[in-house]
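Worksheet: one structure, shown below.
A, B, ... follow the sequence lines: proteins, then strands. Residue 1 opens every chain.
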Amino acid sequence: MIPVLEDHAKVWLASAGLPVPLGERAITAEAAAAITERLGGESVIKALIPAGRRGKGGAVIRARTPQQAANAAGRLLGATVSGYLVSSVYVEQLVPITSEFYLAFTFDQDGPCVVLSRHGGVDIEASAAPPDATLTTEVIAATRGLRPWQAIDLWHRAGVRGPVLRELGTLTSRLYDCFRHHDAELLEINPLAIDLLGHAVLVGAMLGLDRDAKGRHPEWDNIVDATADFAPRTSREARVAAIDATVPGGECRYVELGGDIGLLVGGGGAGLYQHDRMLGYGGRPANHSVTPPTGSDNRKLKVVIEAIIDNPRARALLVGFNFAQMARADIRVRTLLEVVDEKGIDTAQFPIVIRLFGAGEEEARARVAGRKGIHYLPREASLDDAIRLIVSLAADATATRAS
Amino acid sequence: MSILIDGSTRILVQGITGGQAQVDTERALRYGARIVAGVTPGRGGENVHGVPVFDTVAHASSAHVIDAAIIYTPPLAVRDATLESIECAVPLIVVTAEGVPVHDVAFIVAAANDAGIRLVGCNTNGIISPGKSRIGGIGGVDPSEMYVPGRIGICSRSGGMSAELARTLKMHGLGVSTCVSMGGDRITGTRMAAFALLFEQDPETDAIVVFGEPGTANEQELAAAIAAKKITKPVVALVAGAFQESYPAGQTFGHAAALVRSAADSASAKKAVLRNAGAVVAETLDDIPQLLRNALAQTVRATVHERTA
């Protein structure tokens with residue numbers, strides 16, 4: 001999911017004709033004060049981070065004066081909230097409200113879902129973690145959409161009565177259209193507030209886009225760039241993330257996990273299985289990795305292998321792919337040996353187990369022949385055979401080093 | 001017999017002129033699959049490995065009876081391609097693409113359900129009924145290295161693990177009636193319990209092996225069907241991904257759907273619910289053949305006991 005920061009999400013919602021408060025992004029305390037002045041002297045200062053539950057986290061501050069706004073922005077800018085460095089804040093008009101509701105669109109295995117509650121605002125943040133009885137959830141028929149009268153019924157079921165029902169129903173239906181139009185995986189409005197005139201206002205908005213739809217949304221390009229730097233990473237993880245973003249082809253991913261056995265494994269079920277079994281046999285994975293089925297362009301694969309080998313904790317490497325994997329074995333092995341040789345790795349000290357079959361296997365086997373410490377398993381070997389071997393070799397390597 | 005496809009299934013390949021489609025078509029034909037037509041708009045009149053190409057599914061289905069369609073279009077074109085086959089009332093549609101936008105997946109799944117059409121996938125490696133037919137990339141160059149005819153039904157969330165499961169069975173002298181790679185996405189056209197019910201009704205399937213992952217309620221639904229005695233054949237389940245529970249929540253390690261949203265979605269919870277329902281839960285691939293033999297022997301004993309009682 002690509003998180004969209006609140007300022008951007010609100011521009012989109014406003015351009016769809018939906019009621020959002022006025023607001024602007026600021027990167028300094030002075031700017032926050034100036035925007036507050038323009039908004040009439042009062043504002044709400046929100047940390048712009050791709051995470052929800054900011055109210056409870058102290059990342060939403062009410063300012064009664066421009067000076068208070070400057071102080072609040074000064075406190076948030078440069079601080080770390082929910083693991084994210086706050087580099088900008090959203091300065092928003094303070095909306096006097098009479099009631100707060102909660103509304104979200106998301107997906108489960110049955111399709112798109114709407115989740116709503118008549119208790120919105122910060123209070124729901126605690127209860128929203130495990131969905132409880134105050135939430136009304138309904139699967140939306142994707143071929144029909146969410147009609148206003150269906151939404152009115154849902155709010156009615158959630159306990160809402162009176163004239164506000166019509167407004168909530170229409171707004172909810174239009175928000176679903178927006179959720180779909182933008183190829184969002186998540187759209188959360190909290191609070192969905194009612195102002196003093198009885199009109200609904202979208203006060204808090206969180207939007208997450210479906211990465212798979214990027215190809216049909218050229219307008220997303222700047223959004224991805226804006227959020228790519230948020231997650232904290234080691235330098236090796238950062239290098240893999242950078243090449244994943246810049247080089248075309250399938251996804252590559254690399255996450256360090258604290259153990260000592262590097263994993264170059266398939267991304268799907270076989271990767272999950274090998275990780276489980278490694279723990280089962282007493283081994284500790286140094287990383288999780290995903291590499292694309294490599295064609296002629298092996299750049300992504302190479303950066304992932306470099307990251308695995310550069311990880312100072314790694315003592316051994318398992319190259320484990322399922323029996324029917326599609327990528328060329330010779331390209332994988334050639335790339336692996338390139339990295340090993342460029343970095344001057346002594347495989348007698350850094351054992352490598354390979355269970356890799358398929359096209360180019362003969363050449364791949366020939367390339368590792370005679371290399372000490374590289375064990376290319378026969379076709380009869382199971383995934384478990386490979387894992388048991390690497391766990392025992394890694395234990396030996398560590399013992400040798402210790403003695 | 002088998003489920004979903006056999007040697008008589010007449011198959012249409014949508015996007016047949018694409019690279020992977022051509023490779024798979026050639027392999028499937030060699031395996032004996034009855035591929036009768038292909039579709040690529042603008043390429044009507046050509047042929048691919050002897051299979052006639054049409055411009056639309058409607059053109060193809062006016063010339064040939066179509067029992068199943070496999071769709072090879074790129075992810076962003078899947079929605080239209082699938083709706084085209086749904087409109088032509090193709091009864092079984094298999095979608096291979098990975099990375100189809102979730103709104104599109106939800107839409108085609110709903111449209112297929114509305115039309116009473118069985119959709120397999122998206123993101124499936126295909127279906128194979130060993131010795132009879134195959135649809136999709138499943139089985140690779142030489143399916144016989146993994147898939148031999150037999151009486152075990154396989155349903156897997158992972159294409160790669162379908163191969164490992166079948167290979168493990170083969171190494172221990174067991175064969176497969178049909179193996180379905182159901183796709184690893186959060187939303188799939190057909191869910192695990194529905195495949196298990198098809199195996200339950202198949203007289204040539206004696207037992208079922210499933211491979212599950214964290215995320216979604218597929219395994220819980222299967223457990224409920226077992227508990228309700230809708231599935232009475234032995235079920236051996238391998239559920240991977242328990243390791244995730246020792247890492248921070250929200251990290252994805254495998255398929256998009258393999259993201260634990262709550263404790264109930266975790267691999268450990270799924271194993272427990274399956275075990276409680278009466279399924280046999282395997283911890284390793286290598287254990288599965290013996291677990292199957294034990295379970296089948298028990299079934300035979302129970303049947304004999306019923307007859308003598």
Select one option (side chain, backbone, both, neither) describing which atoms of [X] are under 4.5 Å from chain B's heavy atoms.
X: A:Tyr281; result: side chain
X: A:Arg379; result: both
X: A:Asp183; result: both
X: A:Arg180; result: both
X: A:Ala141; result: neither
X: A:Ser382; result: side chain

For B:Ala106 and A:Gly111, the nearest pair of non-hydrogen atoms, with its separation, is CB-CA, 4.2 Å
Minimal heavy-atom distance between B:Ala240 and A:Leu272, with the atoms involved, is CB-CB, 3.8 Å
Taking the side chain as every heavy atom from C-beta outward, state whether [X] and [Y] have any pair of such atoms under 4.5 Å apart.
X: A:His288; Y: B:Gln244; answer: no
X: B:Glu221; Y: A:Gln109; answer: yes
X: B:Arg191; Y: A:Asp110; answer: yes

Under a 4.5 Å heavy-atom cut-off, does chain A meet the side chain of B:Ala166, its backbone, both or neither?
neither
Where does B:Val109 contact chain A at under 4.5 Å (heavy atoms): side chain, backbone, both or neither?
neither
Start with the C-alpha gap between B:Glu164 and A:Arg355, add the side-chain angles, then the distance that decides, and say whether salt bridge (Lys or Arg N to Asp or Glu O under 4.0 Å) holds.
CA-CA 12 Å; B:Glu164 291 295 335; A:Arg355 180 189 187 261; 2.8 Å; yes
Taking the basic N atoms (NZ, or NE/NH1/NH2) and the acidic carboxylate oxygens, is any pair closer than 4.0 Å for A:Arg216 and B:Asp104?
yes
For side chain to side chain contact (heavy atoms under 4.5 Å, CB included), just list the numbers for B:Leu285 and A:Tyr273, CA-CA rounded to whole Å, side-chain angles, deciding distance to a tenth of an Å, and then say yes or no.
CA-CA 9 Å; B:Leu285 280 164; A:Tyr273 178 76; 3.7 Å; yes
Between the side chains of A:Asp384 and B:Thr284, does any donor sit under 3.5 Å from an acceptor?
no
